[in-house]
Amino acid sequence: MKISIVGAGKMAIALAKGLVRTNTVKAENIVGSAPDRLGMANQLHAFRAQGSKITHDNKECVKGSDVVFLMTKGVHSLGVLREISAELSPEQILVSVIAGFPLTLICEPLPTHAKVVRSMPNTPMLVGQGAGCYSANGNVGEDDKKLVEKLFASCGFIHEVPEMLMDAVCGLSGSGPAYVYVFIESMTDGGVRMGLPRELAAKLAVQTVLGSAMMVSETTEHPSKLKDDVCSPGGSTIAAIHTLDTAGFRGLIIDAVRNATLRTTELAMEARDKNGYSAQRKPEKAD
């Protein structure tokens, strides 16, 4: 199996390393592309370092591959789609990892036969613990979906959803690692504030988040039940929960997911406006 990755950002590197780390795809069967400009050399170095091929030519990148991952920045993505459109064969699967871009917008510059998947994984793919979802257009068959799921599943959890839910997926799991990192950093700072050495505080915070997530996953208990199990009557934990609730902690998290979701929708609208695209595919011209 040969994989093309157009774009060499952090998500692209996480995917490439995850596929190789799990032996799902051989390093030499992955090719990554990025512009030949300042700042891209280090990104492409990550591909080269694991034995993958690199190029600055997007058209060359997609030739001969089974699956093409489009992982470019939103504002540039429509131009890249136009660039590679003629190179896509009816057998290739194009997997978009562009936040907010609906299938109609992705498909507009492509041939009508294009197999297109809209996806949103997250960066923990790098350590095999990614989470994300995907939707597909009508050209994508069940075997194609199984292949896409195999590639993503090698790096974590993947689930097919109706496209109307994809922006919410971006707001929750796509952006979610950043929320967790801020939480871990804050817990660490709290430990330091109360006298713990920073290195120890950081290890305790990380392991606490990791262990708590595993408790939810493996026990299948509702998080509220597991929270209640830690809160003794009149104890220190319920005092801490009172502090969080008083500060609106839950509401802040909900608002964070909501605002990230709304911003995801805006990104596609901005890209569409800048590139002069309509929301729907233009009618095909008669022969």
* Among all residues two or more places apart in sequence or in another chain, which pass the side-chain hydrogen bond (donor to acceptor under 3.5 Å, both in side chains) test with Glu266? -> Arg263
* For Glu149, check side-chain contact (heavy atoms from CB on, under 4.5 Å) against everything at least two apart and list the hits. => Tyr134, Ile158
* Heavy-atom side-chain contact between Leu78 and Leu105 under 4.5 Å -> yes
* Asked: Is the side chain of His56 donor-acceptor paired with the backbone N or O of Ala34 at a distance under 3.5 Å, no angle test?
  -> yes
* **Salt-bridge present (Lys225, Asp229; N to O < 4.0 Å)** => yes
* Criterion side chain to side chain contact (heavy atoms under 4.5 Å, CB included) on Val97 and Leu70, from CA distance to verdict -> CA-CA 6 Å; Val97 191; Leu70 182 62; over 6 Å; no
* **Within-4.5 Å side-chain heavy-atom neighbours: Ile3 and Asn29** => no
* Identify, with sequence neighbours excluded, every residue that meets side-chain contact (heavy atoms from CB on, under 4.5 Å) alongside Asp228. => none
* **Atom CE of Met1: over 12 foreign heavy atoms under 6.0 Å** => yes
* Could you walk me through whether Ile54 and Val31 pass the side chain to side chain contact (heavy atoms under 4.5 Å, CB included) check? -> CA-CA 5 Å; Ile54 61 171; Val31 55; 6.0 Å; no
* Asked: Does some side-chain heavy atom of Cys170 sit less than 4.5 Å from a side-chain heavy atom of Ser175?
  -> no
* Heavy atoms only: give me the nearest Tyr179-Ala260 pair and the separation to one decimal. => OH-CB, 3.4 Å
* **Close side-chain approach of Leu81 to Leu94, heavy-atom, < 4.5 Å** => yes
* Asked: Any side-chain heavy-atom pair from Ile5 and Ser33 closer than 4.5 angstrom?
  -> no
* **Cluster check Leu147, Phe152: I/L/V/M/F/W/Y, side chain < 4.5 angstrom** => yes
* Asked: Is it true that a side-chain atom of Asp144 and a backbone atom of Gly141 form a donor plus acceptor pair closer than 3.5 Å?
  -> yes
* **Contact list for residues 208-256, test ring-ring contact (aromatic ring centres under 6.0 Å, His included), sequence neighbours left out** => none
* **Between NZ on residue Lys63 and CG on residue Asn58, distance to nearest 0.5 Å** => 12.0 Å
* For Arg118 and Pro102, work out which heavy atoms get closest and say how close. => NH1-CA, 3.7 Å
* **Under 3.5 Å donor-acceptor, Thr123 side chain and Met11 backbone** => no
* **Straight-line distance of Thr22 OG1 to Met125 CE, nearest 0.5 Å** => 11.0 Å
* **Working for side chain to side chain donor-acceptor pair (under 3.5 Å), residues Ser173 and Asn122** => CA-CA 7 Å; Ser173 58; Asn122 60 16; 4.9 Å; no
* Looking at CD1 of Ile84 and OG1 of Thr72, how far apart are the two atoms once the value is rounded to the nearest 0.5 Å? -> 8.0 Å
* Under 3.5 Å donor-acceptor, Thr55 side chain and Cys61 backbone -> no
* Counting N and O atoms only, with roles assigned by atom type, does the side chain of Asp167 sit under 3.5 Å from a partner on the main chain of Thr261, one being a donor and the other an acceptor? -> no
* Apply the test side chain to side chain contact (heavy atoms under 4.5 Å, CB included) to residues Leu15 and Met71: give CA-CA distance (whole Å), side-chain angles for both, the deciding distance (0.1 Å), then the verdict. => CA-CA 10 Å; Leu15 174 63; Met71 309 185 80; 3.9 Å; yes
* Asked: Is a side-chain N or O of Glu163 found less than 3.5 angstrom from the main chain of Leu103, in a donor-acceptor match?
  -> yes
* Asked: Can we say Lys53 and Glu28 salt-bridge, meaning some charged N sits less than 4.0 Å from an Asp/Glu carboxylate O?
  -> no
* Asked: Which atom pair, heavy atoms only, marks the closest approach of Phe47 to Gly7?
  -> CZ-O, 4.4 Å
* Would you indicate whether the side-chain heavy atoms of Ile184 and Thr188 approach each other to under 4.5 Å? => yes
* **Donor on one side chain, acceptor on other, Gln92 and Ser65, under 3.5 Å** => yes
* Charged N-O contact under 4.0 Å between Glu199 and Lys203 -> yes
* Using ring-ring contact (aromatic ring centres under 6.0 Å, His included) as the criterion, list what pairs up with Phe101, not counting sequence neighbours. => none
* Considering only heavy atoms from C-beta outward, does the side chain of Met215 approach that of Glu221 to under 4.5 Å? -> no
* Asked: Does some side-chain heavy atom of Ser232 sit less than 4.5 Å from a side-chain heavy atom of Thr237?
  -> no
* Between Pro177 and Pro124, which heavy-atom pair has the shortest distance, and what is it? -> CG-CD, 3.8 Å
* Yes or no on side chain to side chain contact (heavy atoms under 4.5 Å, CB included) for Ser212 and Thr208, after CA distance, side-chain angles and deciding distance? -> CA-CA 6 Å; Ser212 300; Thr208 297; 4.1 Å; yes
* Please report the closest heavy-atom contact between Val116 and Cys107, naming both atoms and the distance. => CG2-SG, 3.8 Å
* Please answer whether the main-chain N or O of Ile254 pairs with a side-chain N or O of Asn259 as donor and acceptor at a distance below 3.5 Å. => no
* Structure fact -> Ser154 meets the side-chain hydrogen bond (donor to acceptor under 3.5 Å, both in side chains) criterion, sequence neighbours left out, with Thr24
* **Shared hydrophobic cluster for Ile238 and Met187 (ILVMFWY, side-chain gaps under 4.5 Å)** => yes
* To do: Quick one: closest heavy-atom pair of Val20 and Ala27, and the distance?
  => CG2-CA, 3.7 Å
* Asked: When clusters are formed by joining ILVMFWY residues with side-chain heavy atoms under 4.5 Å apart, either directly or through shared neighbours, do Val180 and Ile253 land in the same one?
  -> yes
* **Separation between CD of Glu160 and OG of Ser119, rounded to the nearest 0.5 Å** => 12.0 Å
* With a cut-off of 6.0 Å (strictly less than), are more than 12 heavy atoms of other residues, nucleotides or ligands near NZ of Lys227? -> yes
* Structure fact -> One should read off an interatomic distance between Arg193 CZ and Ser186 OG, to the nearest 0.5 angstrom, of 14.5 Å
* Asked: Out of curiosity, Arg250 CZ to Asp255 CG, how far, rounded to the nearest 0.5 Å?
  -> 14.0 Å
* Asked: Out of curiosity, does Ile93 fall in the hydrophobic cluster containing Leu19 (side-chain heavy atoms, cut-off under 4.5 Å, transitive links)?
  -> yes
* Main-chain N/O of Ile30 paired to Lys2 side chain as donor or acceptor, under 3.5 Å -> no
* Asked: Does Arg48 offer a backbone N or O that forms a donor-acceptor pair with the side chain of Ser52 under 3.5 Å?
  -> no
* Asked: Between Met194 and Leu204, is there a shared hydrophobic cluster once you connect ILVMFWY residues whose side-chain heavy atoms come closer than 4.5 Å?
  -> no
